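First comes the structure, then the notes that go with it.
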Amino acid sequence: MTASPIAALRSDLAAADFTVARVTALWGAEAADALHRGQRIPALRALDARTGASGPTPLATLAAVFLLGRPATGNDLAEAFPALGVDGAVALGLISSTGGDRFFAAVDLRPYSFVDAHGPADWWIVSDLGELSLGHALPVDHVLGVGGASTTLSGLMLQNPVDRVLDLGTGCGIQAMHASRHANHVVATDISQRAIDLAALNVELNGIEGVEFRLGSLFEPVEGETFDHIVSNPPFVITPRADGVPEYEYRDGGMVGDALVQAVISTAGEYLAPGGVAQLLANWEYRGDGAGEGDGAGEGAGDGFARVDGWLDASTVPVDAWVVERDVEDAARYAETWIRDGGTRQGTDAFDRLMSAWLDDFERRDVRSVGFGYVLLRRPITGEPTLRRLERRHGALGSNEAGLGVHLGDSLAAHDWQAALDDAAFASHCYAVAGDVTEERHFWPGDDAPTAMLLRQGGGFGRTVQGDTGLIALVGACDGELSVAAIVAALAQLLEVDESALFAELVPAVRALVVDGFLVPVE
């Protein structure tokens, strides 16, 4: 039986060993880093030096054509595509020719590697050519490949086994592909037919089963259905609705300001099965004096978080919520970021015109800055929500080889476990310090007592907790043998303080340490 063209392509890419590790080895880590910054000359020079007079290997040809934008001859491509063939590659829309024996990449085809809770994996991802290859601004129907936002969301993804997952706004399909590793069935939607077509190609190319594609906007294609897990990198970019401003399907939702994010947050609960979780990336506006500074959360933490809090209050179905703000950009920097993202270069009349349109829109609506972060929503199995957490984590994250999603899942489970216990039951358990937690003590020269005592987390969000003598001593005594109640009783006697007062002070702090992964219950 003759293999399908996509199966033949899969065979050729595997035979060439077209992987991230092998491609990086072609030109070295420094050239790979330069290429990540949009500079391809170091990689081209390294590839030329390696290839020499012997001619390119199939791996070198694929890397040069699809990653560096270099043309290739028909003979070289025939060696790189022995099963698919040059004509097959043209028919699939992978390459094109302007005449003669010179063929160019018609799409972006690149290897992709990752590690999750199931272990390491290598895929290939097809998307539209970027600005580096096109040499001009992106078309409005551009289908984005795997970028920083994509890897952020896939790293955040909970990986607990579930039945049904919805990938809302699938783009090139990368989140649906990741979700397929822990779900029986994935429904992937997008407003763009081209995105649906490329995502379906990527799923088939990588031999992934159980993914269904539907065309439509937001939740329209799944009206009346519920899911155990929803993931979305929605078109959340805040773009002015003005003549002459391009609206990119992959990032611009067509609503004013952050209204699209508000709509998703307010209605996602309707599409979650009991116990189901939605995870998305989002922007929110800071208006007036809400500058997004400080470490507070919820009420009084800045207009942006107050807006998000209001969206949660207005949710059509009550949900648990955990919102993490990772960054805030002032209005001008935000506009610059997304104008450049579309391929319009600084110093041009087009850039200045778009910058003026963005700033006019922000000024008209009194937007001073824009926050970016992660949103996790969960529909309670029974009863009312027990989690409403809005926090700013603008610093570095901890080390999470299998993704931050593993930590998020553990934290949700820990929250649920401790929330079901009253203080006496919670304190009757024994706990152990997590293996990634270290303690720091800081002293003024000549002092015997420390001026600051810190607990630092190596994984998760890389949190730092400053504790007093009682809390640090309690954590230090958590070896899995003594209960919290027993440790508090001993500390009260040692410190000569009232045991009940110490208990009331320390137990809430210990609960927080359990939820955040500093302490682990010992069964």
Side-chain angles (χ1 to χ4, degrees), residues 294-301 320 322 380 382-393 398 407-444 446-523:
D295 298 322
E299 184 179 356
D320 290 312
W322 187 358
T382 59
E384 295 298 313
T386 62
L387 176 64
R388 175 70 68 90
R389 183 172 188 176
L390 287 79
E391 60 176 327
R392 293 187 170 86
R393 304 299 307 171
H407 172 74
L408 292 177
D410 291 343
S411 291
L412 284 178
H415 165 80
D416 294 343
W417 180 81
Q418 63 84 32
L421 302 174
D422 62 24
D423 284 349
F426 175 82
S428 70
H429 285 269
C430 302
Y431 302 87
V433 180
D436 65 335
V437 174
T438 57
E439 178 187 326
E440 293 182 12
R441 298 192 177 212
H442 297 263
F443 296 82
W444 289 113
D447 284 357
D448 294 329
T451 57
M453 295 177 286
L454 308 174
L455 299 173
R456 293 194 184 275
Q457 182 181 53
F461 281 98
R463 299 177 186 275
T464 298
V465 174
Q466 184 168 348
D468 58 15
T469 301
L471 180 62
I472 298 299
L474 187 151
V475 171
C478 285
D479 58 1
E481 299 294 331
L482 293 174
S483 69
V484 166
I487 296 173
V488 170
L491 286 174
Q493 189 172 27
L494 180 66
L495 299 174
E496 298 181 346
V497 297
D498 180 73
E499 181 179 339
S500 297
L502 187 63
F503 184 93
E505 174 189 336
L506 292 181
V507 167
V510 176
R511 285 184 183 271
L513 292 176
V514 169
V515 172
D516 289 336
F518 286 78
L519 294 174
V520 180
V522 176
E523 297 298 331

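None of these values were measured; they are calculated from a predicted model.
Under the 30°/60° scheme for interplanar angles, the aromatic rings of Trp417 and His429 are found to stand perpendicular. Taking the six-membered ring where the residue is Trp, His407 and Phe461 present perpendicular rings, their angle passing 60° and hence far from 30°.
The two residues Arg393 and Glu391 make their nearest non-hydrogen contact at CD-OE1, 3.5 Å. The minimum heavy-atom distance linking Glu481 with Asp479 is given by the pair N-OD1, 3.0 Å. Taking each heavy atom of Phe518 and Val465 in turn, the nearest pair found is CZ-CG2, 3.8 Å. Shortest non-hydrogen contact noted between Gln457 and Asp516 is NE2-O, 2.6 Å. When every heavy atom of Gly480 is checked against every heavy atom of Cys430, the shortest pair comes out as O-CB, 3.6 Å.
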**Q.** Working for side-chain contact (heavy atoms from CB on, under 4.5 Å), residues Asp410 and Val520
**A.** CA-CA 10 Å; Asp410 291 343; Val520 180; over 6 Å; no
Q.
Leu471 vs Leu513, test: side-chain contact (heavy atoms from CB on, under 4.5 Å). Steps then yes/no.
A. CA-CA 10 Å; Leu471 180 62; Leu513 292 176; 4.0 Å; yes
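Annotation: side chain of Asp423 is in contact with side chain of Arg511 (closest heavy-atom distance under 4.5 Å). With contacts defined as side-chain heavy-atom distances shorter than 4.5 Å, the pair Tyr431/Phe426 qualifies. Two residues are said to be in side-chain contact when any heavy atoms from C-beta on lie closer than 4.5 Å; Met453 and Thr469 meet this criterion. Proximity of Val433 to Leu519: side-chain heavy atoms (C-beta onward) are separated by under 4.5 Å at one or more points. The closest side-chain heavy-atom distance from Val437 to Val475 is not below 4.5 Å.
Here CD of Glu440 is found 9.5 Å from CG of Leu455. Values are rounded to the nearest 0.5 Å. Atom CZ of Phe503 and atom CD1 of Ile487 lie 12.0 Å apart (nearest 0.5 Å). Rounding to the nearest 0.5 Å places CG of Asp416 at 5.5 Å from OG1 of Thr386. The NE2 atom of His442 sits 14.0 Å away from atom CG of Asp447, with the distance rounded to the nearest 0.5 Å. To the nearest 0.5 Å, the span separating CD on Gln493 from CG on Leu502 amounts to 12.5 Å. Leu491 CG to Glu499 CD: the interatomic distance, rounded to the nearest 0.5 Å, is 10.0 Å.
A donor-acceptor pair under 3.5 Å is absent between the side-chain atoms of Glu439 and the main chain of Gly476, judged by distance alone. At least one donor-acceptor pair under 3.5 Å links the side chain of Asp498 to the backbone N or O of Ser500. No donor-acceptor pair under 3.5 Å is formed between the side chain of Asp320 and the backbone N or O of Pro385. Of the possible donor and acceptor atoms, one in the side chain of Ser428 sits under 3.5 Å from a partner among the backbone N and O of Ala425. Between the Ser411 side chain and the Val515 main chain, a donor and an acceptor come within less than 3.5 Å of each other.
Val488 pairs with exactly one of Val510, Leu482, Leu506 by the side-chain contact (heavy atoms from CB on, under 4.5 Å) rule, that one being Leu506. Just one of Thr438, Asp436, Thr464 meets the side chain to side chain donor-acceptor pair (under 3.5 Å) condition when paired with Arg456; it is Thr464.
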